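Taking it in order: structure first as C-alpha cells, then the write-up.
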Amino acid sequence: MAKELFAIFGNPVSHSKSPLMHNLAFKGLDFDGCYTRYRLEDGEKLKESFFSLGLKGINITVPHKEHAYEACDILDPFAKKVGAVNTIVEKEGKLYGYNTDAPGFLKAISEFTEVKTVLFLGAGGTAQSTSTILKDEGYEVTLLNRSAPRLEKYKKEGFDTYTFDNFKPSEYDLVINMTSAGLEDDSLPAPKEILSYIIPKSKACIDVIYGKETPFLKLAKSYNKPTKDGSDMLLYQGIIAFEYFTNHTYSFHDIKEYMKKTFE
Ligand code: NDP
C-alpha cells in the first residue's frame with residue numbers, strides 16, 4: 001500500500017503536537033502513513049487544499065473547525081449537532097467529518113467518578129462541543145463566562161449561564177477551566193473571590209490547557225483538590241482521530257501505547 005498522507009490544518013499550527021502524536025503511532029503500529037502540518041490562512045480553501053495536497057485525512061484546529069464542518073460531504077451525527085469538525089477522512093473522493101474533541105474530553109474526565117454537576121469557566125469554541133457531550137451523557141452543566149455575548153447560544157440550548165456579575169454560585173462536583181486564561185499569561189479564569197468559594201466545595205478541578213501548571217490549577221492544588229491538565233484530552237482526541245484515519249484497524253489501547261510517548 002502506498003504511503004497515506006495526513007496533516008493538521010490551522011493558523012497558527014507550528015506549536016501543534018499532532019504530527020508527533022500521529023507519527024509515533026504510525027511508526028509503532030507499522031502503518032505506512034506520514035503526518036505533517038499545514039498553515040491554512042483562508043478557511044474557504046480547506047477543501048481545495050486538502051485535495052491538492054493529496055491527503056487521506058486531516059485534523060483541524062483554530063480557527064477552521066467551522067470551515068471544516070462546511071467542507072464535508074458526510075457528517076457524523078455529533079459533529080452535525082455541534083457544528084464543528086476537527087477530523088476529516090477522505091473515502092472514495094468524499095470528505096467525512098467527525099468531532100473527536102468532545103469524546104476525547106469525555107474520556108479524559110471519566111476517571112472522576114460520582115460526578116453529576118459541572119461548572120465550565122468559559123464559553124468559547126472548546127466549551128461548545130464538550131458541554132453538549134456532557135449534557136447528552138446526563139451531566140448538569142453550568143457556564144460562567146467573563147462576558148455575556150458568547151453565553152447567548154448556551155442559554156438558548158437550556159444551559160444555566162452566568163457572567164461574573166450575576167453569578168449565583170452553587171456546589172459543583174467538577175470545576176473546569178475552558179478559557180485561555182493562564183495559557184500565555186498568569187491570569188485566573190474568574191475572579192479569585194469566586195474561585196475561592198467554589199473550588200473548596202468541588203471534588204476535582206480540570207484545566208484544558210496542557211503542558212504547564214496554570215494559576216487555576218495552582219489555586220486548586222492549594223485547596224488539596226485532585227487536578228488534571230489538558231494533556232489527556234489532547235491525547236484522546238488524537239487516538240479517536242487515528243481510529244478514523246486507519247478505519248478502526250487498531251485498538252484504542254494499542255494506539256495509546258505509542259501516542260502517549262509524545263508526553264513522556
Ligand atoms: P475561544 O477563543 O473560543 O474562547 C475563549 C474563552 O476564554 C472565552 O469564553 C473567553 O471569554 C475566555 N477568556 C479568554 N481570556 C480570558 C481571561 N483572561 N479571563 C477570563 N476569561 C477569558 O477559545 P477555545 O475554546 O478555542 O480555547 C480555550 C482553551 O482550550 C485554550 O486555552 C486552548 O488552548 C484549550 N484547548 C485545549 C485542547 C486540548 O486538547 N487540551 C483542545 C482545544 C482547546 P469572553 O467570551 O469573555 O471573551
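What you see below is based on every heavy atom in this structure, not just the backbone, and it leaves out hydrogens, waters and symmetry mates. One-based numbering along the sequence shown. We count ligands from 1, going down the list as the structure has it; atoms in each ligand are counted the same way. Everything quoted here is computed from the prediction, not taken from an experiment.
- Atom 15 (N) of ligand 1 has its closest protein heavy atom at Arg146 NH1, 3.6 Å.
- The aromatic rings of His248 and Tyr244 sit perpendicular to each other, their planes meeting at more than 60°, with 30° as the lower class boundary.
- Residues Gln128 and Lys153 bring a donor and an acceptor atom of their side chains to less than 3.5 Å of each other.
- Classified by interplanar angle (parallel below 30°, tilted 30° to 60°, perpendicular above 60°), the ring pair Tyr35/Phe26 is tilted.
- For atom 4 (O) of ligand 1, the closest heavy atom belonging to the protein is Gly124 CA, 3.4 Å.
- Remark: minimum distance from atom 42 (C) of ligand 1 to any protein heavy atom is reached at Met233 CE, 4.0 Å.
- Counting only heavy atoms of the protein, atom 23 (O) of ligand 1 lies nearest to Gly125 N, 4.5 Å.
- Note: Tyr162 and Phe167 have perpendicular aromatic rings, judged against thresholds of 30 and 60 degrees for the angle between ring planes.
- Within 6.0 Å of the CD atom in Glu264, the count of heavy atoms belonging to other residues, nucleotides or ligands exceeds 12.
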(request) Could you go through the salt bridge (Lys or Arg N to Asp or Glu O under 4.0 Å) check for Lys221 and Glu213 one step at a time? (result) CA-CA 10 Å; Lys221 280 184 184 165; Glu213 188 174 78; 2.5 Å; yes
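- Among all protein heavy atoms, the one lying closest to atom 37 (C) of ligand 1 is Val208 O, 3.2 Å.
- In this structure a side-chain-to-backbone donor-acceptor pair under 3.5 Å is missing from Asn11 to Glu41.
- Backbone and side-chain nitrogen or oxygen atoms of Ala123 are examined, and one is located within less than 3.5 angstrom of a nitrogen or oxygen of ligand 1.
- Looking at atom 47 (O) of ligand 1, its nearest protein heavy atom turns out to be Ser147 OG, 2.6 Å.
- The presence of a protein heavy atom under 4.0 Å from atom 33 (C) of ligand 1 is ruled out.
- Protein heavy atom closest to atom 24 (P) of ligand 1, with residue, atom name and distance, is Thr126 OG1, 3.3 Å.
- His22 and Phe242 have parallel rings, their planes meeting at less than 30° on a 0 to 90° scale where 60° marks the start of perpendicular.
- When non-hydrogen atoms are compared, ligand 1 lies under 4.0 Å from neither the backbone nor the side chain of Gln237.
- Looking at atom 9 (O) of ligand 1, its nearest protein heavy atom turns out to be Asn145 OD1, 2.7 Å.
- For the pair Asp101 and ligand 1, no heavy-atom separation below 4.0 Å is found.
- Ligand 1 is approached by Arg150 to a heavy-atom distance shorter than 4.0 Å.
- Taken from OH in Tyr139 to CG in Leu134, the straight-line distance is 6.5 Å, to the nearest 0.5 Å.
- Atom numbering of ligand 1 starts at 1 in the shown order; those under 4.0 Å from a heavy atom of Ile209 are 32 (O).
- For Thr179, heavy-atom contacts with ligand 1 shorter than 4.0 Å involve the backbone as well as the side chain.
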